[in-house]
There are 2 protein chains.
Amino acid sequence: MTSPSPDILRAELLAADAIGDIIEHWGFRKVLGRVWTVLFLGATPTPAADIGERLQMSAGAVSMALTELQRWGVVRRVWRPGERREFFEAETDFWKMISKVFDERERLLAGSVRQRLEEAAAILGRARGAEAVVALDRANRLLAFVLVAQTALDGFIKSRRVDFTRFGDLVSFPLRSVQRRKA
Amino acid sequence: MTSPSPDILRAELLAADAIGDIIEHWGFRKVLGRVWTVLFLGATPTPAADIGERLQMSAGAVSMALTELQRWGVVRRVWRPGERREFFEAETDFWKMISKVFDERERLLAGSVRQRLEEAAAILGRARGAEAVVALDRANRLLAFVLVAQTALDGFIKSRRVDFTRFGDLVSFPLRSVQRRKA
DNA sequence: TTGAAGTTTCAGAACCTTCTGAAACCTTGT
DNA sequence: ACAAGGTTTCAGAAGGTTCTGAAACTTCAA
């Protein structure tokens, strides 16, 4: 177990690094993708030390990565009777992973962004002058876009099915009067 | 032009920062989102110096941000007859922006990731032993997922319409014939 | 209770990214 | 050809993020 054949190890590292790149691209640390991949390919619950050995990481780094992966729900801790160490395994349901991550990420920002855009629109609504009118119009458009995008993503996650047909229209429609609430 | 009312400026900064956060969340620098937002809200082609003043950025930083935004096709340079300076305006077609950015981003990684995963699978295909069999199975699943995701995103961008109904199934189908081994 | 095995935490080191400020580089008018 | 206005570039500074290594902590067994 602690000595995978050199070939298998090489393949694992290759795949791990590729997935690391994707994952980094979507805003996570490379190492999270690498650790997950090694667990996923291994298919067998694996102790932390093994991961550190394969990926040449310190025990501390492995621990931190595993903690974060568990927070995202993409790695599980497995208890083995009679074993002192903990074992870890990758979540294999890709959909579960995607929806969980999307969900959490969206929730983090959605509220504050909406709030700030609404506040900005309110200020502009109170302001005077041609400049303010134009800015208000644009701010409302921005707000509308953010709301549409959030709703669409949300629907996608909830149903695994979404029709984006009107999405394109909604986000590029010529600006008319997108009235939101008044101040 | 160089003296927006304090209220309007405040609203602009509020919105700019909110969009900056979203944009950062999707893997770009905050400042790109802020600059774009100021241009978008201003609605009028704006010289670089104005942006620096409003967002308190050095001329260098403004220049770099504008260059990058133009590379992504979300900001345009506008020439004004009789004006020595250059003016900039935001692309207002959200869909254009989204598709362009997605497109470029995907293209960047898609190839190399696919290649590396295929290489890994090839190595595992040559390797012997139960471990290699399991790893190969998983690597293929990973590859299948990446391909499906890429195709789906691609279709989405090309048509503004995509049916994700089968997506969920494809990415979460149960792994056949891979049993967890006993400890 | 003590010690061994394993894990987590965290201060500082190493690394990476972004920004500043100044110089170099256009472009245009004289 | 030169100077002025404007923009770009880039070395180094500043700031931020991630990792290491060691200490602290936890758990289990004797």
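The figures here come from the full heavy-atom set of this structure, side chains too, leaving out hydrogens, waters and symmetry mates. Letters A, B, ... are given to chains in the order of the sequence lines, protein chains preceding strands, and every chain is numbered from 1.
For B:Asp7 and A:Arg126, the salt-bridge test fails: no basic side-chain N is under 4.0 Å from an acidic carboxylate O. Ion pairing of B:Glu68 with B:Arg29 is present here, as a side-chain N (NZ or NE/NH1/NH2) and a carboxylate O approach within less than 4.0 Å.
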When you compare the protein's N or O atoms with those of nucleotides 20-27 of chain D, which come within less than 3.5 Å of each other, and at what distance?
unit_1 : atom_1 : unit_2  : atom_2 : d
D:dT20 : OP2    : A:Ser58 : N      : 3.3
D:dT20 : OP2    : A:Ser58 : OG     : 3.0

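Taking atom CZ on B:Arg80 and atom C1' on D:dG5, their separation rounds to 17 Å, with Å as the unit. Taking atom CG on B:Leu55 and atom P on C:dT18, their separation rounds to 17 Å, with Å as the unit. B:Phe88 places its CZ atom 11 Å from the C1' atom of D:dT8, with the value rounded to the nearest Å. Between the NZ atom of B:Lys30 and the P atom of D:dG15 there is a distance of 15 Å, given to the nearest Å. Taking atom CZ on A:Phe28 and atom P on D:dT17, their separation rounds to 15 Å, with Å as the unit. A straight line from CH2 of B:Trp79 to C1' of D:dT7 spans 17 Å, rounded to a whole angstrom. Between the CZ atom of B:Arg29 and the P atom of D:dG15 there is a distance of 17 Å, rounded to whole Å. In this structure, the CD atom of B:Glu68 is 19 Å from the P atom of D:dT7, given to the nearest Å.
Annotation: side chain of B:Glu12 is in contact with side chain of B:Ile8 (closest heavy-atom distance under 4.5 Å). Counting heavy atoms from C-beta outward, A:Gln70 and A:Val75 have side chains that approach closer than 4.5 Å.
The shortest distance between the side-chain N/O atoms of A:Arg77 and the OP1/OP2 oxygens of C:dT8 is below 4.0 Å.
Crowding of B:Glu83 atom CD: a count of heavy atoms from other residues, nucleotides or ligands under 6.0 Å exceeding 12.
Counting only distance, with no hydrogens or angles, the side chain of B:Arg138 and the backbone of A:Phe40 share a donor-acceptor pair below 3.5 Å.
Just one of B:Thr46, B:Leu66, B:Leu69 meets the side-chain contact (heavy atoms from CB on, under 4.5 Å) condition when paired with B:Phe88; it is B:Leu66.
Nearest-nucleotide mapping onto DNA chain C: of B:Val31 and A:Ser63, the residue sitting toward the 5' end is A:Ser63.
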Check against side chain to side chain contact (heavy atoms under 4.5 Å, CB included), B:Thr44 and B:Phe87: CA-CA 9 Å; B:Thr44 293; B:Phe87 289 71; over 6 Å; no
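If you check the side chains of A:Arg116 and A:Ser112, you find a donor sitting under 3.5 Å from an acceptor.
The end-to-end axis angle of the helix from C:dT1-D:dA30 to C:dT30-D:dA1, rounded to 10 degrees and based on five pairs per end, is 0°.
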